[in-house]
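What follows is a single structure, written as structure tokens, with notes after it.
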Amino acid sequence: MTVPRIRGNDFGVLAPPELGAWEPELTVTVVIPAHDRQETLDLTLAALSAQSYPEHLLDVIVVDDGSATPIRLPELVPGTTKLISSPPGGWGRAWAVQAGVDAAAGEVILVLDADMVPHRRHVEAQLRWHHLAPYVVGLGWIDFTSATELPTPGQVADALAEGAEDDLFPLSPHRHDWAEKIIHDHDGLRTASGATAARVHVGATASYPAALLRSIGGLDASLVLAEDTELGYRLTQAGAVFVPDPESRAWHVGLPTAMRDVAALKRYNDPYVADRVPHRRYLRTDAGRQWLVPYVEAVVPAGAYEDTRATADALLASSIPDVRLILTGPWPVLSTGRRSPLNDPDLDLRLIKATFEHDPRVRLATEPPAATTAPFRLTVPPGWTLAPDTLERLTAHLEEHDLGALCVALDETPRGVVAARLDRTAALARAALVATPDDDPDDLIDALFGLEWADGSSWGLHRRPGVYPPRRRPVPESAVLAARYEKDLLLHRKRVAALRAEIAQLRRESAKNGRDAARWREKAESWRREAVRLAREQRRTVLKRAVRRVRDLAFPAGD
């Protein structure tokens, strides 16, 4: 059987059959962890006894997680149902679910909480996806009810048989709004990145291929809460595709803790999630901190001492602090016997070991591990250095475009292109799930997630300095920037002082011009008054002459 190839989380390439119109083949084990939930557990089991999925393909394991009054199996249960107790040594939901997983015989494991009442087609709706691809994680659709008066198990079974599940409980206005919004905003989750899709993984009703779940070690039984979030991350890393099916509906009797006391739950969960889920970057804001699961695993093959040290030092100085560095080389060849210290044929390898073996961020390995818990793996040849923000920019580019790999060309030699490479480890895992012997690995990564090539210098990758390590302590970049800014500041201060002097001069000239203008205005006014006076005198003189002339005409001299 050819395994379907799903790009990213776009399960739209799968064609699920109509409910009730197909013939199931896979066996499924329903695991129900229960702690003091006898009343609602009875309803859960009654609903499972009336499922549309073939009874001969379905079995149920109820795990009693240390209930004060031991859990018992009611009369109305699926044909193959057994009750076990959580093993000693732990407690909590994850511990109980893992006990059920260990005891499960089904090809698919469906985890259902003891306060869930599934609709008749609940199991069938999720299982139809598992028949199409062996790396699908099915997610049920939850309706909440805060009903205090509950139906009897018989009434539940009858309602399922009659298709009246919607009438079993009054619908609460509370919903998983945040999850439904993510699903809606990403075309039913088909356009969501792996990190985004994993966020909606809610373990109250979810189904897993048993082989895939066991391959990643099952649940983290050390967690009391947040186990669903952590499991969702590791499933993504294993190459899983998350499929929420609105037809796989179930009632949740009562409101979960996440709705009753969100602030207290986040306060408790955040430290555990921050340590285990690198994609939650907003929880890793502490500068210089190291975490259980790193964000990037960097691999550098051991070469010449100076080359290897320069590359390793640059990686450890990255602006992303949660980096784990693996130096690969033939470390077992380093003997402790008598040798010439300076003429040792393994001198470079020995110096590399001496430099890094006691750094907790660095591991020495003969080969890079086949798998990693980190979401990204960067491989860099020795002798090339990265700018402090190179790693941050590379991972951001992969995240923004949801790529599977980014190959960074560094040099071209007669033997080929020298390149660094950043891989999304979830893409590598997906490729391993669907690969055939005829597949080219890079072509397959490109088909499943996308692969790009880029130029090294544009991303801040360059050959190491000619002298390395430096004999003097290098000037920190912050000091170089501070000196540059101080020089610019001094220049600006000089310009400001010159401008201020120019402004003062202009103000002085303006004041002088103002005084001159006032004097000229005074002179103009005096000239105007003088002109008026002269004009008046001239008019009087002219008038007198005219009067005399008239008199002379009227009374000539001698008359």
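All residue numbers refer to positions in the sequence shown, counting from 1. Being a predicted model, the structure only gives us computed values, none of them experimental. Values below: all heavy atoms of this structure, side chains included; hydrogens, waters and symmetry mates excluded.
- A salt bridge between D307 and R309 is absent, with no side-chain N of the basic residue lying under 4.0 Å from a carboxylate O of the acidic one.
- Atom CG of residue D261 and atom NZ of residue K266 lie 12.5 Å apart, to the nearest 0.5 angstrom.
- A heavy-atom distance below 4.5 Å is not found between the side chains of R7 and F449.
- Distance check: E399 CD to S193 OG gives 6.5 Å after rounding to the nearest 0.5 Å.
- For the side-chain contact (heavy atoms from CB on, under 4.5 Å) with V108, the qualifying choice from P209, S207, P134 is S207, the only one to do so.
- Contact detail for L26 and E107: the closest heavy-atom pair is CA-OE1, 3.4 Å.
- Remark: D439 engages R5 in a salt bridge, criterion side-chain N to carboxylate O under 4.0 Å.
- Using a 4.0 Å cut-off between a side-chain N of Lys or Arg and a carboxylate O of Asp or Glu, R175 and D177 do not qualify as a salt bridge.
- T40 contributes a side-chain N or O that, together with a main-chain N or O of A114, makes up a donor-acceptor pair within less than 3.5 Å.
- Y135 has its ring centre no less than 6.0 Å from the ring centre of H130.
- Between R350 and D346 there is no salt bridge, since none of the side-chain N atoms of the basic residue sits less than 4.0 Å from a carboxylate O of the acidic one.
- How far CG of D348 is from OH of Y305: 9.5 Å, rounded to the nearest 0.5 Å.
- Geometrically, R190 engages F11 in a cation-pi contact, judged by NZ or CZ lying under 6.0 Å from the ring centre and within 45° of the ring axis.
- Here D65 does not pair with R37 in a salt bridge; the nearest charged N to carboxylate O distance is not below 4.0 Å.
- For F144 and H174, the ring centers sit 6.0 Å or farther from each other.
- D220 and R234 are not joined by a salt bridge, as no carboxylate oxygen comes within less than 4.0 angstrom of a charged side-chain nitrogen.
- Salt bridge R377/E297: present, at least one basic N to carboxylate O contact under 4.0 Å.
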Task: CA sep, side-chain torsions, deciding dist, call: H397, L403, side chain to side chain contact (heavy atoms under 4.5 Å, CB included) - done: CA-CA 8 Å; H397 183 78; L403 295 172; 3.9 Å; yes
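- Under the 6.0 Å distance and 45° angle rule, R289 counts as a cation-pi partner of W291.
- With a 4.5 Å cut-off on side-chain heavy atoms, P375 and R424 do not count as touching.
- Contact of the E180 side chain with the V200 side chain is not registered, since no non-hydrogen atoms from C-beta on lie closer than 4.5 Å.
- If you take CG on L225 and CD on E227, they are separated by 6.5 Å, rounding to the nearest 0.5 Å.
- In this structure, the side chains of L406 and L451 stay at 4.5 Å or more apart for every pair of heavy atoms.
- D113 and R93 are joined by a salt bridge, as a carboxylate oxygen and a charged side-chain nitrogen come within less than 4.0 angstrom of each other.
- Within a 6.0 Å radius of CH2 in W91, other residues, nucleotides and ligands contribute 12 heavy atoms or fewer.
- A salt bridge does not link R281 with E392: none of the charged nitrogens is closer than 4.0 Å to a carboxylate oxygen.
- The pair D411-R463 meets the salt-bridge criterion, since a charged nitrogen lies less than 4.0 angstrom from a carboxylate oxygen.
- In this structure, the separation between CG on L139 and CZ on F242 is 7.0 Å, given to the nearest 0.5 Å.
- Only one option out of T395, V323, L386, D423 pairs with L378 in a side-chain contact (heavy atoms from CB on, under 4.5 Å); it is L386.
- Considering V137, L219, V97 in turn, L219 is the only one that fulfils the side-chain contact (heavy atoms from CB on, under 4.5 Å) rule with L231.
- Between R280 and R199 the shortest side-chain heavy-atom distance falls below 4.5 Å.
- At most 12 heavy atoms of other shown residues, nucleotides or ligands fall within 6.0 angstrom of atom CZ in R363.
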